[in-house]
Amino acid sequence: MPRQLAAEAAAHLGGIDILIDNAGSQTLVPDGALAMTDADWLADLNACLLSAVRLDREVLPGMIAAGKGAIVHIGSNAARLPRPAALAYAAAKAALATYSKGLASQVGRHNVRVNLVSPGLIETAAFAARIRVLADQAGTGLDTARRDFISSFNIPLGRPGTADDVAALVTFLVSPAASYLTGTNHVIDGGLLPTV
């Protein structure tokens, strides 16, 4: 599938010089790591790490041959702030961060840049679905479930981010304005994670 996708995109666009790897899924196991099966771990590793590795493998030769390119992997601040019910997801995103840094070191000499964007709580379709589940479980309305869920994160800016917030950062990272940035992890989480 990655080979066909990359080939069709390259044929349609006349080559690929920007790639945003924004794939992933999160397996939630309420009882935590000891209850996670091999299938749970492999599902998250496949979706959150290996999907990027496979697509990069198809796209990078063309970027290297062209002597330019920008790749942005979408990680998660879960890599640094893992929750027990989603430990496989957090571990896969941590592996993506390591992979991104290593890949940036390898392909930088070809003028190909690789950066990671690590969003925190972002309002997406998955966010909305999670709020519906929490509202059903607690027997509350959606507004109450949303407020309680957001407050549990204690985000300094007091709100979740939006897809547009993340898109603006990604747009910057693939632009000429970021031509000297590679191998970096850009956290966009409203100030949730402490700096290290």
So how far is it from [X] [atom1] to [Y] [atom2], rounded to the nearest 0.5 Å?
{"X": "Arg130", "Y": "Leu121", "atom1": "CZ", "atom2": "CG", "result": "11.0 Å"}
{"X": "Ile131", "Y": "Arg146", "atom1": "CD1", "atom2": "CZ", "result": "7.0 Å"}
{"X": "Thr98", "Y": "Leu49", "atom1": "OG1", "atom2": "CG", "result": "9.5 Å"}
{"X": "Ile18", "Y": "Leu13", "atom1": "CD1", "atom2": "CG", "result": "10.0 Å"}
{"X": "Leu50", "Y": "Asp44", "atom1": "CG", "atom2": "CG", "result": "11.5 Å"}
{"X": "Leu96", "Y": "Leu45", "atom1": "CG", "atom2": "CG", "result": "11.0 Å"}

Please determine whether residues [X] and [Y] belong to a single hydrophobic cluster, defined as Ile, Leu, Val, Met, Phe, Trp and Tyr linked transitively by side-chain heavy-atom distances below 4.5 Å.
{"X": "Val133", "Y": "Phe149", "answer": "no"}
{"X": "Leu142", "Y": "Ile150", "answer": "yes"}
{"X": "Val53", "Y": "Ile20", "answer": "no"}
{"X": "Ile64", "Y": "Leu55", "answer": "yes"}
{"X": "Val174", "Y": "Val166", "answer": "yes"}

Is the closest side-chain heavy-atom distance between [X] and [Y] below 4.5 Å?
{"X": "Tyr99", "Y": "Leu116", "value": "no"}
{"X": "Asp21", "Y": "Val72", "value": "no"}
{"X": "Ile71", "Y": "Met63", "value": "yes"}
{"X": "Ile122", "Y": "Asp165", "value": "no"}
{"X": "Leu103", "Y": "His73", "value": "yes"}

Quick check: does any side chain N or O of [X] sit under 3.5 Å from a backbone N or O of [Y], one acting as donor and the other as acceptor?
{"X": "Lys93", "Y": "Ile74", "answer": "yes"}
{"X": "Ser51", "Y": "Ala47", "answer": "yes"}
{"X": "Thr182", "Y": "Val114", "answer": "yes"}
{"X": "Ser179", "Y": "Ser175", "answer": "no"}
{"X": "Arg113", "Y": "Ala70", "answer": "no"}

Side chain to side chain contact (heavy atoms under 4.5 Å, CB included) assessment of Asn46 paired with Arg54: CA-CA 10 Å; Asn46 243 331; Arg54 291 177 183 125; 2.8 Å; yes

Val107 vs Leu60, side chain to side chain contact (heavy atoms under 4.5 Å, CB included): CA-CA, chis, key distance, verdict: CA-CA 9 Å; Val107 299; Leu60 274 167; 4.2 Å; yes

Which residues share a ring-ring contact (aromatic ring centres under 6.0 Å, His included) with Phe172, sequence neighbours left out: none

CA sep, side-chain torsions, deciding dist, call: Thr27, Asp40, side chain to side chain donor-acceptor pair (under 3.5 Å): CA-CA 6 Å; Thr27 303; Asp40 295 330; 4.9 Å; no

Asp56: salt bridge (charged side-chain N to carboxylate O under 4.0 Å, His left out) partners, not counting sequence neighbours: none

For Thr184, all residues meeting side-chain hydrogen bond (donor to acceptor under 3.5 Å, both in side chains), sequence neighbours excluded: Asn115, His186

Closest heavy-atom pair and its distance - [X], [Y]:
{"X": "Ala9", "Y": "Ile16", "value": "CB-CD1, 3.8 Å"}
{"X": "Ala135", "Y": "Gly141", "value": "CB-O, 3.9 Å"}
{"X": "Ala90", "Y": "Pro82", "value": "CB-CB, 3.5 Å"}
{"X": "Cys48", "Y": "Ser25", "value": "SG-O, 3.4 Å"}

Option from Asp189, Asn185, Asn77 for which side chain to side chain donor-acceptor pair (under 3.5 Å) with Ser118 holds: Asn185

SB check Glu8 Arg3 (cutoff 4.0 Å): no

Phe153 six-ring face occupied by Arg83 cation (under 6.0 Å, within 45°): yes

Side chain to side chain contact (heavy atoms under 4.5 Å, CB included) assessment of Trp41 paired with Leu87: CA-CA 9 Å; Trp41 284 94; Leu87 193 53; 4.2 Å; yes

